[in-house]
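From a predicted model like this one, the values you see are computed outputs, not experimental measurements.
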Amino acid sequence: QVQLVESGGGLVQPGGSLRLSCAASGIIFSIYRLGWYRQAPGKQRELVAGISSGGRTNYADSAKGRFTISRDNAKNTVFLEMNSLKPEDTAVYYCNAESPPNYNRHYWGQGTQVTVSS
């Protein structure tokens with residue numbers, strides 16, 4: 001059974017920081033491409049950050065310079081460090097894993113709520 005479980009969300013003030021974690025099981029974690037997506041009310045789900053099996057990263061323009069995605073293959077965990085948070089970062093954040101070689105299998109976590117508000 002494939003499971004992705006996000007944690008670390010919560011309420012934070014603008015300018016604050018938050019670190020999200022996603023623990024995976026049921027997949028060969030080290031070879032999967034991973035990503036963090038978010039979905040705000042009334043909006044489409046969007047990619048925030050991605051990381052390849054080799055550690056290459058990419059970010060949405062809105063996240064560049066503020067967010068950092070990383071992975072710890074030994075712990076089957078992917079992280080999203082979020083700094084300088086803005087109210088527009090408020091969303092449910094989802095962990096995603098894509099299977100090689102074609103990345104045609106997508107697995108999702110249940111999501112964790114991030115609310116940025118003063």
Side-chain angles (χ1 to χ4, degrees):
Q1 184 178 0
V2 177
Q3 287 189 331
L4 301 174
V5 182
E6 302 95 336
S7 62
L11 175 64
V12 64
Q13 293 184 327
S17 298
L18 213 55
R19 188 185 192 226
L20 306 183
S21 299
C22 173
S25 61
I27 62 172
I28 307 175
F29 184 87
S30 62
I31 65 173
Y32 272 62
R33 185 166 68 187
L34 307 169
W36 285 96
Y37 290 71
R38 68 187 181 191
Q39 187 168 24
K43 296 184 178 180
Q44 299 289 325
R45 186 173 297 188
E46 63 176 350
L47 176 68
V48 178
I51 186 167
S52 73
S53 61
R56 297 182 300 276
T57 60
N58 64 90
Y59 299 91
D61 287 342
S62 61
K64 289 180 180 177
R66 300 189 299 125
F67 293 3
T68 302
I69 187 171
S70 61
R71 63 192 297 164
D72 186 339
N73 290 338
K75 297 181 178 180
N76 284 12
T77 303
V78 60
F79 305 95
L80 184 67
E81 185 75 40
M82 303 185 293
N83 301 310
S84 301
L85 283 162
K86 306 173 181 179
E88 50 263 45
D89 295 318
T90 296
V92 177
Y93 283 71
Y94 297 91
C95 180
N96 167 262
E98 299 174 330
S99 63
N102 300 320
Y103 307 107
N104 58 343
R105 295 181 184 177
H106 294 242
Y107 301 100
W108 296 91
Q110 83 290 347
T112 185
Q113 176 71 47
V114 172
T115 302
V116 185
S117 180
S118 59

Output side-chain donor-acceptor pairs under 3.5 Å for residues 7-24, partner residues at least two apart or in another chain, one line each.
unit_1 : atom_1 : unit_2 : atom_2 : d
S17    : OG     : N83    : OD1    : 2.8

May I have the list of side-chain donor-acceptor pairs in residues 52-59 shorter than 3.5 Å, sequence neighbours left out?
unit_1 : atom_1 : unit_2 : atom_2 : d
S52    : OG     : G54    : N      : 3.2
S52    : OG     : G55    : N      : 3.3
S52    : OG     : R56    : N      : 3.0
Y59    : OH     : I69    : N      : 3.0

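By the criterion of side-chain heavy atoms lying less than 4.5 angstrom apart, applied directly or through intervening Ile, Leu, Val, Met, Phe, Trp or Tyr residues, Y103 is not grouped with I31; the two fall into different hydrophobic clusters. Hydrophobic clustering places F29 together with V2 (ILVMFWY residues linked when any side-chain heavy atoms are closer than 4.5 Å, directly or through intermediates). Y107 and I51 fall within the same hydrophobic cluster, where Ile, Leu, Val, Met, Phe, Trp and Tyr residues are linked whenever their side-chain heavy atoms come under 4.5 Å apart, directly or through other members.
Within the 4.5 Å cutoff, side-chain heavy atoms of R71 are placed close to those of L34. Side chains of V114 and M82 form a contact here, defined as non-hydrogen atoms less than 4.5 Å apart.
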Practice prompt. Could you check K64 against D61 for salt bridge (charged side-chain N to carboxylate O under 4.0 Å, His left out), going step by step and ending with a plain yes or no?
Written response: CA-CA 5 Å; K64 289 180 180 177; D61 287 342; 3.3 Å; yes

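In this structure, the ring pair (Phe, Tyr, Trp, His ring centres under 6.0 Å) partners of Y37, at least two apart in sequence or on a different chain, are W108. Listed by chain and number, the residues in a salt bridge (charged side-chain N to carboxylate O under 4.0 Å, His left out) with R45 amount to none (sequence neighbours excluded). Remark: R33 pairs with E98 by the salt bridge (charged side-chain N to carboxylate O under 4.0 Å, His left out) rule, at least two apart or across chains. By the salt bridge (charged side-chain N to carboxylate O under 4.0 Å, His left out) test, K43 pairs with no residue at all, sequence neighbours left out. Qualifying side-chain contact (heavy atoms from CB on, under 4.5 Å) partners for S25, counting only residues two or more places apart in sequence or in other chains: Q3.
Between the side chain of Q39 and the backbone N or O of A91 there is no donor-acceptor pair closer than 3.5 Å.
Taking Ile, Leu, Val, Met, Phe, Trp and Tyr as members and joining any whose side-chain heavy atoms lie under 4.5 Å apart, directly or through other members, V5 forms no hydrophobic cluster with any other residue.
For T90 against V116, the heavy-atom pair with the smallest separation is OG1-N, 2.9 Å. H106 and N96 get closest at one heavy-atom pair: ND1-ND2, 3.6 Å. Closest non-hydrogen pair, G109 versus E6, comes out as CA-OE2, 3.1 Å. Of all heavy-atom pairs spanning V92 and Q113, the tightest one is CG2-OE1, 3.2 Å.
Heavy atoms of other residues, nucleotides or ligands lying less than 6.0 angstrom from CD of E88 number more than 12. Within 6.0 Å of atom CD1 in I28, 12 or fewer heavy atoms from other residues, nucleotides or ligands are found, so the atom counts as exposed in its surroundings.
Residue pairs meeting the salt bridge (Lys or Arg N to Asp or Glu O under 4.0 Å) criterion with at least one member in residues 107-118: none, sequence neighbours excluded. Every pair tested for salt bridge (Lys or Arg N to Asp or Glu O under 4.0 Å) that includes a residue from residues 105-118 fails, sequence neighbours excluded, so the list is empty. Within the structure, salt bridge (Lys or Arg N to Asp or Glu O under 4.0 Å) contacts touching residues 108-118 (residues at least two apart or in different chains) do not occur. Applying the ring pair (Phe, Tyr, Trp, His ring centres under 6.0 Å) test to residues at least two apart or on different chains, none of the pairs has a partner in residues 63-96.
Atom OG1 of T115 sits about 11.0 Å away from atom CG of D89, to the nearest 0.5 Å.
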